[in-house]
Amino acid sequence: MAEAETKSIDNATIKMIEKAAADGVNTAFDRAETMKPCPIGSVGSCCSNCGQGPCRVPLPKGKEETPEERKKRKGVCGATAETIAARNFIRMIASGAAAHSDHGRAVAELFIAAAKGEASGYKITDEQKLLQLALDLGVKIGDRSNNEIALDIGQIALAEFGRQEGELLFLKRAPLKRQELWRKQGVAPRGIDREIVEIMHRTHMGVDQDYKNLLKQGTRAALADGWGGSMIATELQDILFGTPTPVLGQVNLGVLKENEVNLIIHGHEPLLSEMIVAAALDPEMVELAKSKGARGINLAGMCCTANEILMRHGVPLAGNFLQQELAIVTGVVDAMVVDVQCIMQSLPDIAQCYHTKIITTSPKAKITDAIHIEFDEHKAVESAKEVVRTAIENFPKRGKNICIPKEKTDLIAGFSHETINYLLGGLFRASYRPLNDNIINGRIRGVAGVVGCNNARSIHNEAHNAMVKELIKNDVLVLQTGCSAMASAMAGLMVPEAAAKYAGEGLAEVCETVGIPPVLHMGACVDNSRILIAATAMVKDGGLGDDISDLPVAGAAPEWMSEKAISIGQYFVASGVFTVFGVTWPTLGSKEVTDFLFKEMEEIYGGMWAFEPDPIKAAHLMIEHIDKKRKALGIDKARERILYDMEMRRELEAV
Ligand code: XCC
């Protein structure tokens, strides 16, 4: 097996890793070989929170640790392995929640500017969702204009970030039992920023030194992400840019075009990318491209921005996290424009070997050696045109060393909560009833959310594909976001035909009846909030218990790497979902902290974490959990009976 084939299961990726090697270009795949993870830091046992350290608390020698040995495992200040692991873990949550929430804040600010008419190019697109949200938030509708209503909504949403007391408004969307549990546990978030700041305070040297108390604050901040910052981002983006509906798209590096200006939009916030989509369609820009010898302008997305513009405009996906450098290696990317999150600092270095211009746009995220074109939402159209123009002007500078892999796969995206509701029940009786009924009758065994990143420490896309295939084979409907969704799309799992090919009999039957793929693309990582809403809708529709923790559902991030994934996982667990992560687990340096997350959390929240790097084993942990919940609901018999009948039918046919 060639070396590149040990790094990805995707042919386009393998080809570009080989081309990078031939071109003398160093990528994350190479760096992952030379830069080994620190064995102490990777299990959460290194504390660098003060100037007396970093204190590296070694792992216990042997299985049973004596009290004497244990005493030696302390930092200079006396911090124990538990305190250090818990502090590190919740600092990851703080960072992840901050990233999602700052995204939500930017959307809220733009929403207000648009409502005031101060952000030209932006307008309310989904009126129905605007009015629904107004009802949810108690905003007066009457005969007020959309912009007046939107202004109130935007201000209420923005105030959630700085709220100091009470609790976040969207918590009320959760099942009642869950809300009560959060209140009883003291983890109902007061304000988004407040919970994140409090983590930074508590983890400062010499503050909170009880690992359970630290983890509790981690839970509170994570809930402020899922039911706060991320949910605000998703809701307001839908209203501004449109709630996603099914759309045909394509994925993989093969979407790049030799004869067109290729502009890749990479990052997370759709504020900029929406405008770039509009600017690329501008006849003036298309003419300019033609005047430079190009046939047109080809936009493609990378990472979560890709998911945002795919869902709303059908813009193709160039690839997921580990393909960002490789896109440049094709030699045909005229510009890559980035905003925030998951952007590798190596991009300008690699771009130097080709002709690509790397353009940063956010004052929060500059990269040395990149061009900076600051995105000003008040002059969004001009900013976007400048970016597109930069790509066009660079087109004639393309070299001869180009290679576009032929791989590209079709997918259907755009399965927002509203779309699933509609597809299942129709416009006038939209509901989750058919889903619940098919879970109860056993055709669908359960539902799994498979989300998250790629990680250069594991084989690109391998775990995503193996896990998702195993789940659908076992009649588990899969909901996806982020880079994980793109991995499944590349493997052809997001088209309706995938049901007959890969899904179990029961799931395939339901997918064929409704006309959906067995794996549903629900959007970017902030759109994990859509999964929370979908789970709540399942509870509210009845027949599957009265809380999310009663549902036969599970979550996973088999190739996670981002701190955002930890925040997402924690809010899923605290919302009652069994959640399994692959690759590595950041608290293994403390048995107590790990046991709390893996076991005790289930007693408190009904959901818990697990760590299993083998994706097939992890899928079976999820299936076991789903079956456990089916049993508790008393619907395990229905499934057994149906399978038995089908077996019998097959046997009869064979005779
Ligand atoms: Fe980043 Fe969101 Fe992870 Fe992909 S999945 S590597 S966080 S782009 Ni969000």
Side-chain angles (χ1 to χ4, degrees), residues 1-36 251-266 292-294 298-303 306 316-338 342-360 367-371 390-408 454-462 483 486 490:
M1 195 190 287
E3 209 200 345
E5 283 169 27
T6 62
K7 297 183 175 166
S8 174
I9 57 161
D10 168 58
N11 279 338
T13 304
I14 292 168
K15 265 181 234 160
M16 287 305 104
I17 294 173
E18 284 167 353
K19 181 171 187 293
D23 293 353
V25 167
N26 181 271
T27 67
F29 296 95
D30 304 310
R31 294 189 295 275
E33 296 215 325
T34 45
M35 169 62 68
K36 292 293 169 209
V251 62
N252 216 339
L253 294 167
V255 304
L256 297 171
K257 293 186 179 160
E258 190 164 353
N259 301 322
E260 297 191 18
V261 173
N262 289 305
L263 170 55
I264 291 190
I265 317 176
H266 173 20
K292 301 283 175 192
N298 181 39
L299 289 185
M302 182 69 67
C303 285
L317 307 160
N320 52 8
F321 176 69
L322 279 178
Q323 291 176 296
Q324 58 184 287
E325 298 173 309
L326 303 177
I328 300 173
V329 173
T330 62
V332 296
V333 175
D334 301 298
M336 184 181 275
V337 58
V338 305
C342 303
I343 299 147
M344 291 192 193
Q345 192 174 349
S346 56
L347 295 182
D349 264 2
I350 295 182
Q352 269 178 10
C353 303
Y354 304 92
H355 76 304
T356 310
K357 294 237 186 285
I358 306 294
I359 307 168
T360 53
I367 308 177
T368 314
D369 296 331
I371 307 169
T390 307
I392 295 172
E393 311 256 300
N394 202 30
F395 174 79
K397 297 193 189 131
R398 260 191 216 170
K400 295 264 175 286
N401 178 15
I402 63 172
C403 172
I404 305 176
K406 62 177 187 329
E407 285 80 8
K408 54 180 169 184
N454 294 135
N455 186 317
R457 304 283 177 207
S458 61
I459 299 172
H460 170 245
N461 285 359
E462 183 187 53
C483 291
M486 288 188 239
M490 285 179 220

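Model, not experiment: these values are computed from the prediction.
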Considering residues, nucleotides and ligands other than K36, do more than 12 of their heavy atoms fall under 6.0 Å from its NZ? yes
Taking atom CD of Q345 as the centre, does the number of heavy atoms from other residues, nucleotides or ligands within less than 6.0 Å exceed 12? no
Is a donor from one side chain sitting under 3.5 angstrom from an acceptor on the other, for D10 and N461? no
Judged by modelled atom types alone, do N252 and N11 share a side-chain donor-acceptor pair under 3.5 Å? no
Given side chain to side chain contact (heavy atoms under 4.5 Å, CB included), test H460 with Q323 step by step and report yes or no. CA-CA 9 Å; H460 170 245; Q323 291 176 296; 3.9 Å; yes
Flag the pair K357 and E393 as a salt bridge only when some basic side-chain nitrogen lies within less than 4.0 angstrom of an acidic carboxylate oxygen. no
Kindly give the heavy-atom pair with the smallest separation between [X] and [Y], and that separation in Å.
X: C303; Y: F321; value: SG-CA, 3.5 Å
X: M302; Y: A327; value: CE-CB, 3.8 Å
X: E18; Y: A4; value: CG-CB, 3.6 Å
X: G254; Y: K408; value: O-CD, 3.5 Å
X: A28; Y: A456; value: O-CB, 4.1 Å
X: G399; Y: I402; value: O-CG2, 3.7 Å

Find out whether [X] and [Y] are in side-chain contact, i.e. whether some heavy atom of one side chain is under 4.5 Å from a heavy atom of the other.
X: N320; Y: M490; result: yes
X: V329; Y: I350; result: yes
X: P405; Y: T330; result: yes
X: D369; Y: I367; result: no
X: L253; Y: E407; result: no

Should I358 and I343 be marked as a side chain to side chain contact (heavy atoms under 4.5 Å, CB included) after you check the CA-CA gap, both sets of side-chain angles, and the distance that decides it? CA-CA 11 Å; I358 306 294; I343 299 147; over 6 Å; no
What distance do [X] atom [atom1] and [Y] atom [atom2] have between them, rounded to the nearest 0.5 Å?
X: C342; Y: N454; atom1: SG; atom2: CG; value: 10.0 Å
X: R398; Y: T356; atom1: CZ; atom2: OG1; value: 9.0 Å
X: K15; Y: I404; atom1: NZ; atom2: CD1; value: 11.5 Å

Salt bridge (charged side-chain N to carboxylate O under 4.0 Å, His left out) pairs, two or more places apart, involving residues 318-333: R31-E325
Those residues at least two apart in sequence (or on a different chain) that pass salt bridge (Lys or Arg N to Asp or Glu O under 4.0 Å) with D23 are K19
I'd like to know if the side chain of [X] reaches the main chain of [Y], judged simply by a donor and an acceptor atom lying under 3.5 Å from each other, with no hydrogens or angles considered.
X: T360; Y: I371; answer: yes
X: D30; Y: T27; answer: yes
X: Q324; Y: M344; answer: yes
X: R457; Y: A32; answer: yes

Criterion side chain to side chain contact (heavy atoms under 4.5 Å, CB included) on K7 and L322, from CA distance to verdict: CA-CA 10 Å; K7 297 183 175 166; L322 279 178; over 6 Å; no
Show me the side-chain donor-acceptor pairs of residues 256-264 shorter than 3.5 Å, one per line, residues at least two apart or across chains.
| residue | atom | partner | partner atom | Å |
| --- | --- | --- | --- | --- |
| N262 | OD1 | K257 | N | 3.0 |
| N262 | OD1 | N298 | ND2 | 2.8 |
| N262 | ND2 | K257 | O | 2.7 |
| N262 | ND2 | V332 | O | 2.9 |

Go through the steps to decide whether I17 and L326 satisfy the test side chain to side chain contact (heavy atoms under 4.5 Å, CB included), and finish with yes or no. CA-CA 7 Å; I17 294 173; L326 303 177; 4.0 Å; yes
